[in-house]
Amino acid sequence: MSDYHSVMKGTGETTQWEDIQVKLGNYQPREKPKPPPKFEPEKEADKMTTGFLDGRDEGELSDLEDGYDDDRFLEDYRRKRLAEMRGAQDARLRR
(Lines give C-alpha, C1' and ligand atoms only; values in the text may rest on other atoms or scores of the structure.)
Protein backbone atom coordinates (compact mmCIF):
# COMPACT_ATOMS: atom_id res chain seq x y z
CA MET A 1 0.00 0.00 0.00
CA SER A 2 3.00 2.27 0.42
CA ASP A 3 3.47 2.34 -3.36
CA TYR A 4 0.13 4.07 -3.78
CA HIS A 5 1.39 7.56 -2.95
CA SER A 6 4.69 8.56 -4.41
CA VAL A 7 6.62 11.78 -4.30
CA MET A 8 8.68 12.78 -7.29
CA LYS A 9 12.16 13.94 -6.43
CA GLY A 10 13.29 16.95 -8.39
CA THR A 11 16.08 16.67 -10.92
CA GLY A 12 16.87 20.36 -10.72
CA GLU A 13 14.95 21.21 -13.86
CA THR A 14 12.08 23.64 -13.54
CA THR A 15 8.81 23.82 -15.40
CA GLN A 16 7.52 26.83 -17.25
CA TRP A 17 5.01 27.33 -14.43
CA GLU A 18 7.77 27.47 -11.83
CA ASP A 19 9.81 29.85 -13.99
CA ILE A 20 6.86 32.24 -14.26
CA GLN A 21 6.19 32.05 -10.52
CA VAL A 22 9.84 32.84 -9.77
CA LYS A 23 9.69 35.77 -12.20
CA LEU A 24 6.57 37.11 -10.45
CA GLY A 25 8.19 36.65 -7.04
CA ASN A 26 5.84 33.96 -5.77
CA TYR A 27 8.50 31.22 -5.56
CA GLN A 28 12.12 31.25 -4.53
CA PRO A 29 14.48 30.14 -7.32
CA ARG A 30 15.77 26.60 -6.99
CA GLU A 31 19.41 25.91 -6.37
CA LYS A 32 21.08 24.15 -9.25
CA PRO A 33 22.14 20.59 -8.37
CA LYS A 34 25.81 19.71 -8.27
CA PRO A 35 26.93 17.77 -11.34
CA PRO A 36 27.82 14.13 -10.73
CA PRO A 37 31.50 13.18 -10.71
CA LYS A 38 32.99 12.29 -14.07
CA PHE A 39 33.08 8.61 -14.96
CA GLU A 40 36.60 7.25 -15.08
CA PRO A 41 36.58 3.77 -16.62
CA GLU A 42 40.21 3.06 -15.66
CA LYS A 43 39.41 3.16 -11.96
CA GLU A 44 36.31 1.00 -12.38
CA ALA A 45 38.18 -1.52 -14.51
CA ASP A 46 40.97 -1.81 -11.95
CA LYS A 47 38.48 -2.76 -9.26
CA MET A 48 36.76 -5.45 -11.28
CA THR A 49 39.49 -7.26 -13.19
CA THR A 50 41.96 -9.98 -12.41
CA GLY A 51 44.51 -8.62 -14.87
CA PHE A 52 47.18 -8.61 -12.20
CA LEU A 53 47.20 -12.43 -12.45
CA ASP A 54 47.54 -12.65 -16.24
CA GLY A 55 51.22 -11.74 -16.54
CA ARG A 56 52.46 -13.94 -13.70
CA ASP A 57 54.40 -17.18 -14.02
CA GLU A 58 53.79 -20.34 -11.98
CA GLY A 59 56.20 -19.41 -9.19
CA GLU A 60 54.65 -16.00 -8.66
CA LEU A 61 51.14 -17.47 -8.66
CA SER A 62 52.10 -20.08 -6.08
CA ASP A 63 53.58 -17.30 -3.91
CA LEU A 64 50.28 -15.44 -4.21
CA GLU A 65 48.39 -18.60 -3.27
CA ASP A 66 50.45 -18.96 -0.10
CA GLY A 67 49.43 -15.51 1.05
CA TYR A 68 45.80 -15.93 0.03
CA ASP A 69 43.58 -17.72 2.52
CA ASP A 70 40.47 -17.99 0.38
CA ASP A 71 41.08 -20.32 -2.56
CA ARG A 72 37.59 -19.87 -3.95
CA PHE A 73 38.62 -16.78 -5.91
CA LEU A 74 41.61 -18.48 -7.52
CA GLU A 75 39.56 -21.59 -8.27
CA ASP A 76 36.84 -19.47 -9.88
CA TYR A 77 39.43 -17.56 -11.89
CA ARG A 78 41.02 -20.84 -12.99
CA ARG A 79 37.67 -22.23 -14.17
CA LYS A 80 36.83 -19.05 -16.10
CA ARG A 81 40.26 -18.92 -17.70
CA LEU A 82 40.09 -22.58 -18.74
CA ALA A 83 36.64 -22.00 -20.25
CA GLU A 84 38.01 -19.01 -22.21
CA MET A 85 40.94 -21.05 -23.47
CA ARG A 86 38.69 -23.96 -24.49
CA GLY A 87 36.36 -21.55 -26.29
CA ALA A 88 39.26 -20.02 -28.17
CA GLN A 89 40.56 -23.48 -29.09
CA ASP A 90 37.10 -24.54 -30.31
CA ALA A 91 36.87 -21.38 -32.42
CA ARG A 92 40.25 -22.14 -34.00
CA LEU A 93 39.24 -25.72 -34.77
CA ARG A 94 35.99 -24.62 -36.46
CA ARG A 95 37.79 -22.55 -39.09
Side-chain angles (χ1 to χ4, degrees):
M1 197 73 168
S2 64
D3 294 339
Y4 185 93
H5 297 287
S6 61
V7 176
M8 302 226 3
K9 302 278 182 182
T11 59
E13 296 179 14
T14 59
T15 62
Q16 288 179 341
W17 174 258
E18 288 176 294
D19 294 339
I20 293 169
Q21 295 302 318
V22 168
K23 185 177 177 182
L24 294 174
N26 297 334
Y27 287 176
Q28 295 292 326
R30 284 190 187 182
E31 292 182 18
K32 293 185 179 180
K34 296 178 184 175
K38 289 187 175 184
F39 175 69
E40 297 178 7
E42 304 87 39
K43 289 183 181 178
E44 293 296 321
D46 289 343
K47 292 178 187 175
M48 300 170 60
T49 62
T50 55
F52 66 94
L53 294 176
D54 291 336
R56 309 280 177 132
D57 64 358
E58 250 182 89
E60 290 174 330
L61 288 175
S62 66
D63 290 344
L64 286 174
E65 277 185 18
D66 294 341
Y68 195 72
D69 295 335
D70 191 4
D71 292 333
R72 290 178 292 172
F73 170 77
L74 291 174
E75 202 51 44
D76 186 44
Y77 177 76
R78 181 177 169 272
R79 269 191 250 112
K80 287 179 184 178
R81 187 72 177 131
L82 285 172
E84 287 176 12
M85 291 169 53
R86 286 182 186 134
Q89 185 178 13
D90 291 344
R92 275 189 261 134
L93 292 176
R94 289 183 194 152
R95 288 186 199 175

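Note that the numbering runs from 1 along the sequence shown for the chain. Note that the structure is a prediction, hence the values are computed from the model and not measured.
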Report the C-alpha separation of R86 and D90 in whole Å, then their side-chain angles, then the decisive distance to 0.1 Å, and conclude whether the salt bridge (charged side-chain N to carboxylate O under 4.0 Å, His left out) test is met. CA-CA 6 Å; R86 286 182 186 134; D90 291 344; over 6 Å; no
Answer yes if V22 and W17 sit in the same cluster of Ile, Leu, Val, Met, Phe, Trp and Tyr residues linked by side chain heavy atoms under 4.5 Å apart, and no otherwise. yes
What residues, two or more places apart in sequence or in another chain, satisfy salt bridge (charged side-chain N to carboxylate O under 4.0 Å, His left out) together with D19? none
Between T14 and R30, which heavy-atom pair has the shortest distance, and what is it? CG2-CD, 4.0 Å
Qualifying residues under side chain to side chain donor-acceptor pair (under 3.5 Å), relative to E84, sequence neighbours excluded: R81
